[in-house]
**Student:** 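Encoded as structure tokens, here's the structure I'll be asking about.
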Amino acid sequence: MNTPYGLEIIESCFTCKLRMDHWFCGLSPDGLKLLAGASHLCTYPDGALLFVEGQMPRGAYVLCSGKAKLSTTSREGKVLILKIAEAGEVLGLSAVVSGQPFEITAETAGPCQVNFLEREALIGRIEQSGELGLHATQALSREFQTAYRDIHDLVLARSSAGKLAKLLLSWTPHRERSGTPGEIRVRAGLTHEEMAQMIGSSRETVTRLLGDLKKKEFIRLEGSTLVIRNRTALEALAA
């Protein structure tokens with residue numbers, strides 16, 4: 001049976017067909033059982049706000065399926081997308097552990113299934129279980145390592161053209177090979193505005209840079225599909 005959003009209904013983590021080797025899914029059966037009383041499975045449409053920057057945390061969110069945009073906003077209203085979270089990731093854990101307000105906003109990027117973990121119950125279970133404590137520590141470590149790399153890339157390393165090239169290349173692990181040797185097909189799924197928010201630029205700049213890359217035959221666009229024609233040239237630009 002499917003939900004109205006075309007997603008398979010998940011009744012329990014023990015019978016879930018979407019489980020993968022990530023922080024929550026990778027727990028032992030005893031670990032999953034320990035968290036069962038603290039979690040609530042929910043389905044969200046595209047554009048739903050899971051939590052907002054500055055809000056006190058009621059709990060953490062495990063992304064079972066779909067994607068979520070993690071962003072921050074300046075006083076002037078400029079939005080910077082920090083990351084597109086993938087299925088299997090836990091969102092808001094650092095705020096839950098520290099007891100401080102969320103430093104980012106999480107918004108679904110398409111229909112999502114989410115496992116909500118109540119804060120007090122989660123903290124209590126982490127205190128009880130060495131396995132949960134270790135998994136939480138590993139998740140936080142990966143989160144901050146990613147943040148450090150992103151800060152380096154955004155602030156220090158590249159021009160806008162280089163940052164855009166790196167963004168395009170970051171989609172290639174999920175690529176589809178086209179029929180032409182050497183070409184890589186990627187379903188982008190982001191608007192020019194969202195790309196600009198990910199590299200700290202403007203929509204007009206992203207549109208111009210994509211046009212330049214097409215003229216140089218580094219890429220071409222086929223509707224919502226991006227075809228990387230010269231990966232080597234993009235890698236040189238991103239270096």
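We're numbering straight along the sequence, starting at 1.
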**Student:** Testing the basics here: between Ala87 and Cys64, what is the closest heavy-atom pair and its distance to 0.1 Å?
**Tutor:** CB-O, 3.6 Å
**Student:** Tell me the side chain to side chain donor-acceptor pair (under 3.5 Å) pairs involving residues 97-109, sequence neighbours left out?
**Tutor:** none
**Student:** Name all residues meeting the side chain to side chain contact (heavy atoms under 4.5 Å, CB included) criterion together with Gln128; count only those two or more places apart in sequence or in a different chain, and write none if there are none.
**Tutor:** Leu34
**Student:** Any side-chain heavy atom of Thr146 sitting closer than 4.5 Å to one from Leu82?
**Tutor:** no
**Student:** Any sub-3.5 Å donor-acceptor pair from Ser141's side-chain atoms to Thr137's backbone N or O?
**Tutor:** no
**Student:** Enumerate the ring-ring contact (aromatic ring centres under 6.0 Å, His included) contacts for residues 196-239, please, sequence neighbours excluded, ordered by first and then second residue.
**Tutor:** none
**Student:** If you look only at pairs with a residue in residues 70-85, which of them pass as a salt bridge (Lys or Arg N to Asp or Glu O under 4.0 Å), with sequence neighbours excluded?
**Tutor:** Lys83-Glu89
**Student:** Mind jotting down which residue pairs meet the salt bridge (Lys or Arg N to Asp or Glu O under 4.0 Å) criterion with at least one end in residues 204-214? Sequence neighbours excluded, please.
**Tutor:** Arg208-Asp212
**Student:** Please list, one pair per line, the donor and acceptor atoms closer than 3.5 Å that link side chains of residues 47-62 to other protein atoms, with sequence neighbours excluded.
**Tutor:**
unit_1, atom_1, unit_2, atom_2, d
Glu53, OE1, Thr72, OG1, 3.3
Glu53, OE1, Thr73, N, 3.1
Glu53, OE2, Thr72, OG1, 3.1
Gln55, OE1, Val52, N, 3.0
Tyr61, OH, Leu50, O, 3.1

**Student:** Could I get the full list of salt bridge (charged side-chain N to carboxylate O under 4.0 Å, His left out) partners for Arg229, not counting sequence neighbours?
**Tutor:** Glu183
**Student:** Starting from Phe116, can I reach Leu63 by hopping between I/L/V/M/F/W/Y residues whose side chains sit under 4.5 Å apart?
**Tutor:** yes
**Student:** Under 4.5 Å between any side-chain heavy atoms of Leu221 and Leu226, yes or no?
**Tutor:** yes
**Student:** So does Val227 get a backbone contact from the side chain of Arg220, meaning a donor-acceptor N/O pair under 3.5 Å?
**Tutor:** no
**Student:** According to a 4.5 Å side-chain heavy-atom criterion applied to Ile, Leu, Val, Met, Phe, Trp and Tyr, with indirect links allowed, do Leu164 and Trp171 form part of one hydrophobic cluster?
**Tutor:** yes
**Student:** If I take atom CZ from residue Arg185 and atom OG1 from residue Thr225, how far apart are they, to the nearest 0.5 angstrom?
**Tutor:** 5.0 Å
**Student:** So, taking the atom named OG in Ser74 and the one named CG in Leu80, what distance separates them when rounded to the nearest 0.5 Å?
**Tutor:** 9.5 Å
**Student:** Tell me the closest heavy-atom pair linking Gly92 and Phe102, and the distance in Å.
**Tutor:** CA-CE2, 3.7 Å
**Student:** Going through the checks in order, is the side chain to side chain contact (heavy atoms under 4.5 Å, CB included) test met by Leu117 and Leu93?
**Tutor:** CA-CA 10 Å; Leu117 306 173; Leu93 182 60; over 6 Å; no
**Student:** Less than 4.5 Å apart, any side-chain heavy atom of Leu134 and any of Gln138?
**Tutor:** yes
**Student:** Apply the test side chain to side chain contact (heavy atoms under 4.5 Å, CB included) to residues Ser201 and Lys163: give CA-CA distance (whole Å), side-chain angles for both, the deciding distance (0.1 Å), then the verdict.
**Tutor:** CA-CA 10 Å; Ser201 186; Lys163 286 185 283 190; over 6 Å; no
**Student:** Kindly state each residue pair satisfying ring-ring contact (aromatic ring centres under 6.0 Å, His included) with at least one member in residues 63-100, sequence neighbours excluded.
**Tutor:** none
**Student:** State, with a plain yes or no, whether a side-chain heavy atom of Leu210 is found less than 4.5 Å away from one of Met195.
**Tutor:** yes
**Student:** When you compare the side chain of Gln197 with that of Ser71, does any pair of heavy atoms fall below 4.5 Å?
**Tutor:** no
**Student:** To check you understand the geometry: which heavy-atom pair defines the closest contact between Ser39 and Asn115, and what is its length?
**Tutor:** CB-OD1, 3.0 Å
**Student:** Which heavy-atom pair separates Leu132 from Arg125 by the least distance, and what is that distance?
**Tutor:** CD1-O, 3.5 Å
**Student:** Once salt bridge (charged side-chain N to carboxylate O under 4.0 Å, His left out) is applied, do any residues pair with Glu235, and if so which ones, sequence neighbours excluded?
**Tutor:** Arg231
**Student:** Quick one: list whatever passes side chain to side chain contact (heavy atoms under 4.5 Å, CB included) with Ile84, sequence neighbours left out.
**Tutor:** Lys67, Lys69, Ile81, Leu190, Met198
**Student:** List for me each residue that meets salt bridge (charged side-chain N to carboxylate O under 4.0 Å, His left out) alongside Glu127, sequence neighbours excluded, and say none if there are none.
**Tutor:** none
**Student:** Taking atom NZ of Lys215 and atom CD of Glu217, what is their separation to the nearest 0.5 Å?
**Tutor:** 12.5 Å
**Student:** Taking the side chain as every heavy atom from C-beta outward, state whether Leu91 and Ile104 have any atom pair closer than 4.5 Å.
**Tutor:** no
**Student:** For Ala196, give me all partners under side chain to side chain contact (heavy atoms under 4.5 Å, CB included), at least two apart in sequence or on another chain.
**Tutor:** Val206
**Student:** Considering non-hydrogen atoms only, spot the tightest contact between Ala238 and Leu169 and give its length.
**Tutor:** CB-CD1, 4.1 Å
**Student:** Heavy atoms, side chains only, cut-off 4.5 Å: are Ser28 and Glu131 in contact?
**Tutor:** yes
**Student:** Is it possible for you to say whether Leu122 and Leu140 belong to one hydrophobic cluster, with membership spreading through side-chain heavy-atom contacts below 4.5 Å?
**Tutor:** yes
